[in-house]
Number of protein chains: 2
Amino acid sequence: MRYHRIPDETVRRLPIYLRGLMFSADQGNEHISSRSLAEFVGVHAWLIRKDFSYFGDFGTPGVGYNIQRLARQIKKILRLDSVPRAALVGVGDLGSALLAYPGFATYGLDIVAAFDTSPKKIGKVVNGVKIEPVVDLAALKQRDITLAIVAVPRAAAQPTVDRLVEVGVKGILNFAPCKVQAPKRVKVITLDIAMELARLPYYIPTGQTDKGKGAQQ
Amino acid sequence: MRYHRIPDETVRRLPIYLRGLMFSADQGNEHISSRSLAEFVGVHAWLIRKDFSYFGDFGTPGVGYNIQRLARQIKKILRLDSVPRAALVGVGDLGSALLAYPGFATYGLDIVAAFDTSPKKIGKVVNGVKIEPVVDLAALKQRDITLAIVAVPRAAAQPTVDRLVEVGVKGILNFAPCKVQAPKRVKVITLDIAMELARLPYYIPTGQTDKGKGAQQ
DNA sequence: CAGTGTGAAACCGTTCACAGCC
DNA sequence: GGCTGTGAACGGTTTCACACTG
């Protein structure tokens, strides 16, 4: 059925599919079947077909999906077609690593500004981006920057988010290990790296009082 | 009902609760109600109660939960009580940041070894951890290290994982943006940072053809 | 024949309402 | 009165089976 609401879980998987489609395109393929995409991204074929079915007919029975057409559509849904511009706040160890991280380009994302409070860092250029004082965040509004990455210490996270909301940021990726409040119109995704590692031991059989059994990846 | 299987989604939330409980303990509290914990961690009170109900009675009606007792139990379930030791493979920008990251200690996690292929890095000491050649991974078996963090370039990810499985690692946190294969007995969690950022624009109202509406954090 | 698209069933997780307890 | 613990209702996602198509 066409014109369906796209479930949140499907949205979460779209970037994975995109990754796979682009890789397959790089290999010179023009079409890909749900089966081969499934193998590549690690999601069952029927789930892929169901996911794609939420936004129209893209496949040709007996052939598969047109990679370019499908990739373009996914980008459009995720709104990655307009090259979203992001600002980074907090250029510590993690922040610096994010500035240098090549992976964002895969999705057409671009970190175009960086901010920090430390006078030692301000003015330095990391990976082509000049570090500005946090006080200058106000200018974001004029600079067409709607996404922000927060990589500041936990105590600074909430004030930083408040400030970002003030200057018109619409989406925030928060690396500080705490809940941050924001108005509903601003989407916040919190990514606590340590928490992911903390989940891992649960799935490891102890050999002794083996109770919690893990699934695959 | 006691002695219930703990749903995966609950396991995913346990570290969040733990974070909140420890913070509350630091504030000098001895008990906490589901309501106040809910406020602090951003999860509804009824869901917290349901989650806790999967593993026994910990709360006292009218009083709340004993923080220490509950925290200890959660740590036990997550198997964080034995101070899991982790190795890092790939000491690039991201890897270095992870070595310096203080957040792991919150969960009693410890990165006790680091590996890289680059002769320039080998032998250096970052944050108290000496960088060893990847060839020496074999020794992990003897060193009681069962967790590994993979922060190598995408092309190196699968070979690295294969090697880690060989030397007896049981859980892997993979930062490379690709699926990696491992035997079912080895749990792999892949964390694609760029993917999280890529999901963000979807939830941002465009003002024009506003269709995809986001939820809160 | 290989492969898509999709109703229907099964499954899982969340939400609610409220009985029971301190 | 305040708070926990939980069966039951609900809603969303995954899985299945299969009709349909190039």
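We name chains A, B, ... by the order of the sequence lines, and we start the count at 1 in each one. Atoms considered below: every heavy atom in the structure, side chains included; atoms not considered: hydrogens, waters and symmetry mates.
Note on ring orientation: taking the six-membered ring where Trp is involved, the planes of B:F40 and B:F23 are parallel (angle under 30°, cut-offs 30° and 60°). In this pair, B:W46 and B:H44 present their aromatic rings parallel. The plane angle is below 30°, not in the 30 to 60° band.
Among the heavy atoms of the strands lying under 4.0 Å from B:G64 are primed sugar atoms or P, OP1, OP2 only; no base atom is included. Heavy atoms of A:G59 sit under 4.0 angstrom from primed sugar atoms or phosphate atoms, though from no base atom. Among the protein residues, B:Y65 comes within range of the sugar-phosphate backbone only, with heavy atoms under 4.0 Å from sugar or phosphate atoms but none that close to a base.
Counting to the nearest Å, the P atom of D:dT21 and the CZ atom of A:F58 are 19 Å from each other. C:dC21 atom P lies 11 Å from atom CG of B:D57, rounded to whole Å. For the pair B:L70 CG and D:dG5 P, the interatomic distance rounds to 10 Å; values are reported in whole Å. Atom CZ of B:R12 and atom P of C:dT14 are 10 Å apart (whole Å). Protein atom CG of B:D51 is 14 Å distant from nucleotide atom P of D:dT4, rounded to whole Å. For the pair A:L37 CG and C:dA2 C1', the interatomic distance rounds to 17 Å; values are reported in whole Å. Across the protein-nucleic acid pair, A:R35 atom CZ and C:dG5 atom C1' stand 16 Å apart, rounded to whole Å. Counting to the nearest Å, the C1' atom of D:dT6 and the CD1 atom of B:I48 are 16 Å from each other.
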Scoring nucleotides 8-13 of chain D by protein non-hydrogen atoms under 4.0 Å (B base, S sugar-phosphate only, - none) yields B----S
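In this model, the phosphate group of C:dT4 is approached by a side-chain N or O of A:S34 to a distance below 4.0 Å at OP1 or OP2. Between C:dT15 and B:W46, a contact under 4.0 Å exists linking OP1 or OP2 to a side-chain N or O.
For B:Y101 and B:F104, the gap between ring centers is short of 6.0 Å.
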Quick one: side chains of residues 151-161 of chain B, donor-acceptor pairs under 3.5 Å with protein atoms, not counting sequence neighbours, listed by atom name and distance.
unit_1: B:Q158; atom_1: OE1; unit_2: B:Q181; atom_2: N; d: 2.8
unit_1: B:Q158; atom_1: NE2; unit_2: B:D162; atom_2: OD1; d: 2.8
unit_1: B:Q158; atom_1: NE2; unit_2: B:Q181; atom_2: O; d: 3.0
unit_1: B:T160; atom_1: OG1; unit_2: B:A156; atom_2: O; d: 2.7

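Of the listed nucleotides (C:dT6, C:dT15, D:dG5), D:dG5 has the atom at the smallest distance from the side chain of B:R49. Nearest to the side-chain atoms of B:P61 among the listed nucleotides C:dG3, D:dT15, C:dC21 stands C:dC21.
Here NZ of A:K141 is found 8.0 Å from CD of A:E166. Values are rounded to the nearest 0.5 Å.
Using a 4.0 Å cut-off between charged side-chain N and carboxylate O, A:D81 and A:R72 make no salt bridge.
Between the side chain of B:R199 and the backbone N or O of B:A194 there is no donor-acceptor pair closer than 3.5 Å.
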